[in-house]
Amino acid sequence: MAKPKIEPRLPKGMRDFLPAQMLKREYVFNIVREVFHLYGFEPLQTPALELTETLMGKYGEDADKLIFNARHIDGKEDLSLRYDLTVPLARVVGQYQNDITLPFKRYQLSPVWRAERPQRGRYREFYQCDADIVGAPSMLADAEIVSLIVTALKRLGFPQFVVKINNRKLLTAIGEYVGLDGEPLANLYRSIDKFDKIGAEGVHEELLRRGIDPAVAARIMELITSKLPGTGQLDYLADAIGNLPAASAGIGELREIAQHLQAANVPADAYEFDFTMVRGLGYYTGPIFETVITEPNLGSVTGGGRYDELVGLFRGDSLPTTGTSLGIERIIDLMDILNLYPPQFGGTVVQVMVGVFSDETRPQATALAAELRAGEICTELYLQDRAIGKQMSYADKKGIPVVALLGSEEIAQGIVKLKRLRDGVEVTTRRDEIVSAVRALLGG
RNA sequence: GUGGAUGUAGCUCAAUGGCGGAGCAGCUGAUUGUGGAUCAGCAGGUUGAGGGUUCGAGCCCCUUCAUCCACCCCA
């Protein structure tokens, strides 16, 4: 064979998804979409490319290094690949004020691109899955987001997880309480954010290293590490710093969320208030959420919160917005690790393959495939002229559950032979009952 | 952006500076109307690329590219 002229390879950090893998991804995507619809979220799609100026508004200094730019030989516009789904949402909300009824509940399940150095579980092209509610200041919206997360993860089959809930206003209040703002406050957030990675001890040490007064550091640790069940957490913080307006507001919001979650029948063990959870430095202004898989301890699979200012980038007045991102790539990885796909989840969409014995029987085999398809059975007609043993072998390797055979004997008698490869069970059925016979064999 | 490791068949990996191999996958047959298991056989290579040292380099040296891991970052 001649050496190929072009080396087949992928751009750095990008992936192909072969059929067996694609089926798993779509299984997850479909469940997630179902749950979004269940909660009344509508799909939104935006272009992969945005005007560069659209993207540059929100992100910080080094952002342009992480954004892929798109060039065209005659390009008059400055274009970039989208970096997340939140900015396109804000643009859409600003752009279609006549067409969008508030509150606007949308989800988007689409790839985004970041020119990061690839690492395990981090790619340059990956899917994000965001659900947001624009224009609803009520904590009911935040509670809906939490409830949505719980339902989605339960339907995917995750046995043990907890949505951690905090409030940006509380973190600000704690900073205020200990006399920090500006950059020192940002550093405080950065340190606390490492809680999962370096633990309480590590955070405490880092606070001291950052030059925070030992007494103050100890007090901060005391406040954020309290572990009381349910709203006991909120009572504790209210006693300690409830006199600060920001704290009082933040605690009040979390109490509202707790009430709504209870009314919505969200199980109490599915969420908790955790003051060590920070969610980066971002644009969050109110309640923030993050979900961790707890058993086994596999890290976080969702992140989100309320960001009341962002939409204002594209619109005179801002709109209060809350939402979450499902870490869909991470979820897909965990589905495999935790073995959460249904037992008979196959590597093929094909339910039955029709084998072909000879040129003489091929028209009947073709007709049989058509009948199966008319009966809504996903059917593959064997397309080559090879020994029946090879055909069986092909079906076996592809994981096709059932093979239908009709040779001259079967044709003469008006019957079809069906074989289930999983256990070798063979049945003979009348040709006019083929669809129900295949269904029965697939079901058993 | 910083540091480390690794590049050999489609895949996973062997090979003291001295004839480039195995397992898996593929193909053919044992078995022309029945898959998996077994057995026999076949095919598959610019050892990432370029340079250097050497009688001789997959192996040593230099350069470069790629991949992986850790850090930085993570809106």
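Chain A is the first sequence line, chain B the second, and so forth, proteins listed ahead of strands; every chain is numbered from 1.
- Distance L18(A) CG to C11(B) C1': 13 Å, rounded to the nearest Å.
- A donor and an acceptor atom, one from each side chain of S110(A) and Y127(A), are nowhere located under 3.5 Å apart.
- Y39(A) and T151(A) share a donor-acceptor pair across their side chains, judged by distance under 3.5 Å alone.
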Inset, instruction - Begin with the C-alpha distance, continue with both residues' side-chain angles, and end with the deciding distance and a verdict on salt bridge (Lys or Arg N to Asp or Glu O under 4.0 Å) for E329(A) and R122(A). - result: CA-CA 9 Å; E329(A) 302 284 0; R122(A) 298 179 75 177; over 6 Å; no
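- With hydrogens and angles left out, the side-chain atoms of N167(A) and E253(A) include a donor and acceptor closer than 3.5 Å.
- Taking the P atom of each, G58(B) and G18(B) are spaced 10 Å apart, rounded to whole Å.
- Counting only N and O atoms by type, the side chains of S80(A) and E50(A) include no donor and acceptor under 3.5 Å apart.
- Rounded to whole Å, atom P of C74(B) lies 13 Å from atom OH of Y284(A).
- Straight-line distance between the P atoms of C24(B) and G17(B): roughly 29 Å, to the nearest whole Å.
- Atom CG of L66(A) is separated from atom P of C74(B) by 10 Å (rounded to the nearest Å).
- Atom CD1 of I67(A) and atom C1' of C73(B) are 14 Å apart (whole Å).
- With P as the reference atom, U12(B) and U53(B) are 35 Å apart, rounded to whole Å.
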Inset, instruction - Do nucleotides 29-40 of chain B as a string where each nucleotide becomes B, S or -: B if the base has a protein heavy atom under 4.0 Å, S if just the sugar-phosphate does, - if no protein is that close. - result: S---BBBB----
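- Between I257(A) and Y271(A), every side-chain heavy-atom pair lies at or beyond the 4.5 Å cut-off.
- Taking 4.0 angstrom as the limit, R117(A) places none of its side-chain polar atoms (N or O) nearer than this to OP1 or OP2 of A70(B).
- Base-pairing analysis of RNA chain B finds the following stems of at least three consecutive Watson-Crick or G-U pairs, with both pairing distances under 3.5 Å: B:1-7 with B:65-71, B:10-13 with B:21-24, B:26-30 with B:38-42, B:48-52 with B:60-64.
- Residue R386(A) contributes atom CZ, which lies 9 Å from atom C1' of C27(B) at whole-angstrom precision.
- Taking atom C1' on both nucleotides, G23(B) is separated from C62(B) by 35 Å, rounded to a whole Å.
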Considering only distance and modelled atom types, tabulate donor-acceptor pairs under 3.5 Å from the side chains of residues 397-410 of chain A, sequence neighbours left out.
{"from": "K397(A)", "atom 1": "NZ", "to": "S393(A)", "atom 2": "OG", "distance (Å)": "3.3"}
{"from": "K398(A)", "atom 1": "NZ", "to": "E380(A)", "atom 2": "OE1", "distance (Å)": "2.9"}
{"from": "E410(A)", "atom 1": "OE1", "to": "G407(A)", "atom 2": "N", "distance (Å)": "2.8"}

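- Residue R122(A) is classed as a base contact, given a heavy-atom separation below 4.0 Å to a base.
- Side-chain atoms of R430(A) and Q413(A) form no donor-acceptor pair, as typed in the model, at a separation below 3.5 Å.
- To the nearest angstrom, P of C74(B) lies 13 Å from OH of Y283(A).
- Here the C1' atom of nucleotide C72(B) and the CD atom of Q119(A) are 9 Å apart, to the nearest Å.
- Distance check on atom P: C68(B) versus C27(B) gives 30 Å, rounded to whole Å.
- For the pair E116(A) CD and C69(B) C1', the interatomic distance rounds to 16 Å; values are reported in whole Å.
- Nucleotides U8(B) and U46(B), compared at atom P, are 12 Å apart to the nearest Å.
- Below 30°, between 30° and 60°, or above 60°: for F36(A) and F41(A) the angle between ring planes is between 30° and 60°, a tilted geometry.
- The shortest distance between side-chain heavy atoms of E205(A) and L208(A) does not fall below 4.5 Å.
- Taking atom P in both A57(B) and C19(B), one finds a spacing of 12 Å when rounded to whole Å.
- If you take atom P in C61(B) and the same atom in G1(B), they sit 26 Å apart, rounded to whole Å.
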